[in-house]
Amino acid sequence: MPGSHAQRNDSTGLVELSPCVGGLVRTWSDDGASRLWSVPDDAWIRDAQATGRIGRASRKENRYREAARLSESDGALLVRPRGPMRGADGNLTMAEQVVALGPEKRPSRSTFEDFREVLTRAVEHCAATDEYLVVERGARDAGREPFCLFAVLPAGTEPGVFVTVVETSPPPRDSDLWAPYVDEWDRTATISAPSGPETVATAPTVMIEAISRWDIDPWDLAFTFGRR
């Protein structure tokens with residue numbers, strides 16, 4: 001049952017999670033193994049992901065990814081919260097929550113909408129918590145590119161003044177939206193503007209414009225969080 005309390009401890013270990021989109025989620029384990037799963041009832045995990053409520057696994061350079069314990073025998077993720085979360089019964093709990101998994105299947109038609117939704121939540125979470133977000137390949141042996149970064153950074157030395165930044169590599173050279181910010185000699189492209197509700201709300205659209213050119217399925221991507 002999605003969002004119910006965990007009852008067993010026979011999990012195979014901690015796995016990093018892709019965004020759950022189109023009814024699918026990918027897991028990556030420490031040994032490099034990867035598997036794509038269907039999530040028969042994805043409402044709970046989709047509501048919880050990218051909000052700072054799901055437990056995280058530490059990566060190098062003070063970066064973190066959402067993670068859970070994988071029980072392959074039960075076909076389930078056991079998701080430990082970072083703080084009290086509301087379970088299926090409506091009560092706040094710190095217990096692990098069970099998310100049932102199934103064999104890989106065709107993604108649903110809501111894949112694009114699901115990705116925009118979870119990316120928007122991630123951006124809003126980072127803007128509110130002084131974290132930054134890097135969207136990148138989830139595989140442990142993936143290179144540094146492609147990536148797309150979102151951050152809200154201090155603008156100079158004046159206190160209380162911030163700038164919203166989206167940086168991506170490789171530069172999306174065929175994008176009309178990005179065209180004014182692409183230099184043919186640079187390996188990255190950056191869009192920045194004074195930070196506020198409007199620029200933060202626009203960031204997911206700017207990011208998707210770049211990410212969509214990578215030709216990578218959204219469940220092959222990971223959201224990596226860091227604190228500046």
Side-chain angles (χ1 to χ4, degrees), residues 1-60 63-119 121-122 125 133-142 216-225:
M1 179 178 181
S4 61
H5 296 179
Q7 300 296 327
R8 301 183 63 182
N9 293 309
D10 60 343
S11 59
T12 59
L14 199 67
V15 292
E16 296 177 355
L17 307 176
S18 76
C20 181
V21 297
L24 299 173
V25 67
R26 184 175 293 281
T27 59
W28 294 278
S29 58
D30 287 340
D31 62 5
S34 170
R35 182 169 175 181
L36 185 62
W37 307 83
S38 65
V39 186
D41 189 341
D42 62 359
W44 184 88
I45 191 170
R46 285 185 53 238
D47 181 67
Q49 275 196 308
T51 63
R53 292 181 286 164
I54 288 179
R56 295 175 174 179
S58 178
R59 296 178 62 82
K60 62 182 180 179
R63 296 184 177 189
Y64 307 87
R65 288 183 181 171
E66 292 181 331
R69 292 195 298 145
L70 173 63
S71 177
E72 293 200 64
S73 60
D74 290 336
L77 290 173
L78 310 179
V79 184
R80 182 176 296 279
R82 297 176 72 203
M85 294 183 68
R86 201 164 300 280
D89 58 5
N91 295 321
L92 292 175
T93 178
M94 282 293 294
E96 288 181 327
Q97 306 293 298
V98 179
V99 177
L101 301 174
E104 176 186 346
K105 65 174 186 178
R106 290 175 61 88
S108 72
R109 294 181 179 179
S110 65
T111 298
F112 178 81
E113 291 79 6
D114 290 352
F115 184 75
R116 175 179 286 277
E117 182 179 292
V118 70
L119 179 62
R121 284 202 306 270
H125 166 75
L133 170 70
V134 180
V135 181
E136 57 189 346
R137 289 184 184 270
R140 286 187 171 270
D141 60 352
I216 302 174
D217 290 327
W219 41 82
D220 290 333
L221 298 173
F223 287 1
T224 304
F225 298 89

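All values derive from a computational prediction rather than experimental measurement.
Note that the CD atom of Glu72 and the CZ atom of Arg35 stand 6.0 Å from one another [nearest 0.5 Å]. Atom-to-atom distance recorded for Leu36:CG and Glu104:CD is 4.5 Å, nearest 0.5 angstrom. The distance from atom CZ of Arg69 to atom OG1 of Thr27, rounded to the nearest 0.5 Å, is 14.5 Å.
Taking each heavy atom of Cys20 and Ile45 in turn, the nearest pair found is SG-CG2, 3.9 Å. Across all their heavy atoms, Ala50 and Phe225 have their closest contact at CA-CZ, 4.1 Å. Between Ala57 and Leu14, the shortest heavy-atom distance links the atoms CB-CD2, 4.0 Å. Scanning both residues, Pro103 and Ser38, for their nearest heavy atoms gives O-OG, 2.7 Å. For the residue pair Pro40 and Gly102, the shortest heavy atom distance occurs at CD-N, 4.1 Å. What you find for Ala100 and Val39 is that their closest heavy atoms are O-CG1, 3.8 Å.
No donor-acceptor pair closer than 3.5 Å links the side chain of Ser34 to the backbone N or O of Trp28. Asp217 contributes no side-chain N or O that, together with a main-chain N or O of Trp219, makes up a donor-acceptor pair within less than 3.5 Å. With hydrogens and angles ignored, the 3.5 Å screen pairs a side-chain donor or acceptor of Arg121 with a backbone N or O of Gln49. A donor-acceptor pair is defined here as one N or O able to donate and one able to accept, closer than 3.5 Å; no such pair exists between the side chain of Arg65 and the backbone of Ser18.
A salt bridge between Asp31 and Arg140 is absent, with no side-chain N of the basic residue lying under 4.0 Å from a carboxylate O of the acidic one.
Here the side chains of Val15 and Leu77 are in contact, with some heavy-atom distance below 4.5 Å. Using a 4.5 Å cut-off on side-chain heavy atoms (C-beta onward), Thr111 and Pro218 make contact. Considering only heavy atoms from C-beta on, Arg53 stays 4.5 Å or farther from Pro81 through its side chain. For the pair Leu70 and Trp37, the minimum side-chain heavy-atom distance is below 4.5 Å. Side-chain contact check for Arg26 versus Asp220: some heavy-atom pair is nearer than 4.5 Å. Arg106 has its side chain out of reach of Leu24: every pair of non-hydrogen atoms, C-beta onward, lies at least 4.5 Å apart. With contacts defined as side-chain heavy-atom distances shorter than 4.5 Å, the pair Tyr64/Thr224 does not qualify.
Annotation for Arg137: atom CZ does not count as buried by contact number, only 12 or fewer foreign heavy atoms lying within 6.0 Å. Heavy-atom neighbours of Arg80 CZ from other residues, nucleotides or ligands within 6.0 Å: at or below the threshold of 12.
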List the steps, then state whether side chain to side chain contact (heavy atoms under 4.5 Å, CB included) holds for Val25 with Leu101. CA-CA 9 Å; Val25 67; Leu101 301 174; 4.1 Å; yes

